[in-house]
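Inspection log for the structure reproduced underneath, given as structure tokens.
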Amino acid sequence: MKIIIAGAGEVGFHLAKLLSFESQNITLIDPVKENLHYADTHLDIRALRGDATSIKILQEAHIHEAELVISVTSSETTNITVCVLAKQLGAKRTIARITNTEFLDFQNEIGFQQFGIDELISPEALASKEIELLLNQSAFNDSYEFEEGALTMVGVSLQRTAQFVGKTVQEAGEIFPEIHFMPIAIQRFGTQYTLIPRGDTQFKEGDQVYFITTSDGVAELYKLTGKTKQIMKNVMILGGSNIGKQTAQHLSANGVNVKLIEQDAEKAFDLADELSNTLVINGDGRNVELLQEESIHEMDAFIAVTGNSETNILSCLMARSKSVNKTISLVENMDYFQLSHSIGIDTLINKKLLAANNIFRFIRKGDVVAMTKLNNMNAELLEFIVKPGSPICDKFIKDVEVPRSAIVGGVIRNGVGNIVLGSFKVQAGDRVVVCSLPRSISKVEKLFL
């Protein structure tokens, strides 16, 4: 697939890196030479220096051959302009990164497609949504919803008290005969090895396990993992970024008591005017005395979303030392993901990873409507719509040749999530959620073509 990416910043570079690993034909455009240098010398892509809103530059990038144009510069106006021009010059599909979330709220009324923009994506909105989902599933350290919760992916680190520990997948399933959840991936403690579980796979203490579950299965998972769901009443947010502001707005609208700490005085006053139901505090969130004065020990969750990863991590560790049960930190360095559980932070989130996950579904073959990569694990979770005549259509799960390094996690039919076994017959229009290791993705895709 020929893909043009405008903007070699954190999101654009990360996308180019991931896509180049999959042997896609990538052209990366950016006006700053330094932004392109590393990508040009380390990735198998074409780096083109110039303004992506220049028609000559787009033509030099062979825009008329592009199957996908992704504009993810720091300028919302530039991204919209690039997509409009790209579509007029022959690009098949366009995606624009935005910061104004009003565009997302009113995209149906405005009809961006008629201007040449097929998809809008906001990394900040995605991060805010991820935080809210993690707070809602408070005992889990990773979460992703399919079709507004018809099926949900949750990740959890197994403690010794979990009823799963020492049992095989089959034995664990027998504890609740009416199956409402399915394990789809396991990472053994202290390793980077991702395992797709089978019936004889044994759960061990310290395992990071990902499940697909229906709404009924969430309560069962809490019980089996020895976790308890905590109602979030008091939340402290460090950083008045777009993510911090959006998260505060949504949480306070749902009755949560929110305290937001912002170091910049002018920004803090502006936030106080905008967030009428949030207590905005002007101060340094790294100051232990300030946190104690603001009753950090009474907080149910602490969320650090400043622009500095190290500040976010250290402040979350401070919050954990003050007995805050749920800590979430925004980080830019992907390498930090491997450290999150060992150093005591519940969840790390990364804007560029969330954006890349959201965009990746347009690269996959078959009718992919949702996709996410499991944090710090070498696996993808994809939601396919079953087409009439595809190899999986009108077949029982047991008769479908699913690779051993992939697993069907669940099926959404008529808006209802189902955890399925071999006797389930797949029908046209079903939405099938599959977890797969990279080596099997091409085989999985062929099932839905």
Side-chain angles (χ1 to χ4, degrees), residues 101 104-105 122-157 180-182 184 208-238 243-260 275 277-278 298-305 316 319-320 324-330 340-341 345-351 353-354 357-358 370 372 374-375 381 383 409-410 412 415-417 419 433:
T101 55
L104 294 175
D105 298 333
S122 167
E124 292 79 14
L126 290 171
S128 178
K129 184 178 180 181
E130 176 81 355
I131 291 169
E132 291 176 65
L133 190 56
L134 287 165
L135 292 179
N136 187 44
Q137 308 291 358
S138 58
F140 304 120
N141 52 39
D142 199 359
S143 190
Y144 187 87
E145 284 188 343
F146 294 92
E147 304 307 312
E148 298 182 351
L151 289 176
T152 301
M153 178 275 288
V154 294
V156 62
S157 180
H180 296 128
F181 57 87
M182 173 79 72
I184 55 170
Q208 173 68 18
V209 186
Y210 285 86
F211 297 91
I212 289 290
T213 176
T214 63
S215 55
D216 293 333
V218 172
E220 295 172 1
L221 279 175
Y222 273 116
K223 184 175 181 180
L224 281 171
T225 55
K227 306 280 187 177
T228 55
K229 182 171 182 177
Q230 183 181 7
I231 303 300
M232 295 293 159
K233 296 180 180 178
N234 301 299
V235 174
M236 183 175 287
I237 300 174
L238 177 62
I243 298 173
K245 183 172 75 171
Q246 289 182 42
T247 303
Q249 284 175 329
H250 294 154
L251 291 177
S252 59
N254 290 320
V256 179
N257 298 318
V258 181
K259 291 183 179 180
L260 189 153
L275 305 173
N277 295 321
T278 297
E298 296 179 359
M299 296 297 136
D300 299 311
F302 183 89
I303 304 163
V305 288
C316 279
R320 178 51 67 90
V324 179
N325 289 326
K326 187 76 173 179
T327 54
I328 301 173
S329 174
L330 176 71
S340 61
H341 303 306
I345 296 175
D346 293 301
T347 307
L348 300 181
I349 58 173
N350 180 282
K351 289 189 298 182
L353 182 60
L354 292 170
N357 287 347
N358 199 273
T372 186
L374 304 185
N375 280 351
L381 199 55
E383 179 188 357
I412 300 171
V416 179
I419 302 302
V433 177

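Bear in mind that the values here come from a model prediction, so they are computed numbers and not experimental data. Quick note: residue numbers are just sequence positions, from 1.
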What's the separation between atom [atom1] in [X] and atom [atom2] in [Y], rounded to the nearest 0.5 Å?
X	Y	atom1	atom2	result
T152	L133	OG1	CG	7.0 Å
S143	E130	OG	CD	7.0 Å
T214	M182	OG1	CE	11.5 Å
T347	I303	OG1	CD1	10.5 Å
L251	N277	CG	CG	12.0 Å
L354	E124	CG	CD	10.5 Å

Less than 4.5 Å apart, side chain to side chain, heavy atoms only: is that true for [X] and [Y]?
X	Y	result
L381	I184	yes
F302	L238	yes
F211	M153	no
K259	M299	yes
I349	I131	yes
E383	I412	yes
L135	K326	yes
I212	F181	no

Give the minimum heavy-atom separation between [X] and [Y], together with the two atoms involved.
X	Y	answer
A301	M232	CB-SD, 3.8 Å
G244	L260	O-CD1, 3.8 Å
E298	N234	O-ND2, 3.7 Å
A125	T101	CB-CG2, 3.9 Å
I419	G409	CD1-O, 3.7 Å
V258	T278	O-CG2, 3.5 Å

(request) Apply the test side-chain contact (heavy atoms from CB on, under 4.5 Å) to residues F146 and E148: give CA-CA distance (whole Å), side-chain angles for both, the deciding distance (0.1 Å), then the verdict. (result) CA-CA 6 Å; F146 294 92; E148 298 182 351; over 6 Å; no
(message) Just by distance, no angles: are the side chains of T247 and S128 close enough, under 3.5 Å, to form a donor-acceptor pair?
(response)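 Side chains of T247 and S128: pair found under 3.5 Å.
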(request) Start with the C-alpha gap between L134 and N136, add the side-chain angles, then the distance that decides, and say whether side-chain contact (heavy atoms from CB on, under 4.5 Å) holds. (result) CA-CA 5 Å; L134 287 165; N136 187 44; over 6 Å; no
(message) Does K351 form a side-chain contact (heavy atoms from CB on, under 4.5 Å) with L330? I'd like the steps, not just the answer.
(response) CA-CA 8 Å; K351 289 189 298 182; L330 176 71; 4.0 Å; yes
(request) May I ask you to decide if D300's main-chain N or O and N325's side chain share a donor-acceptor pair within less than 3.5 Å? (result)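 Looks like no, no N/O pair under 3.5 Å.
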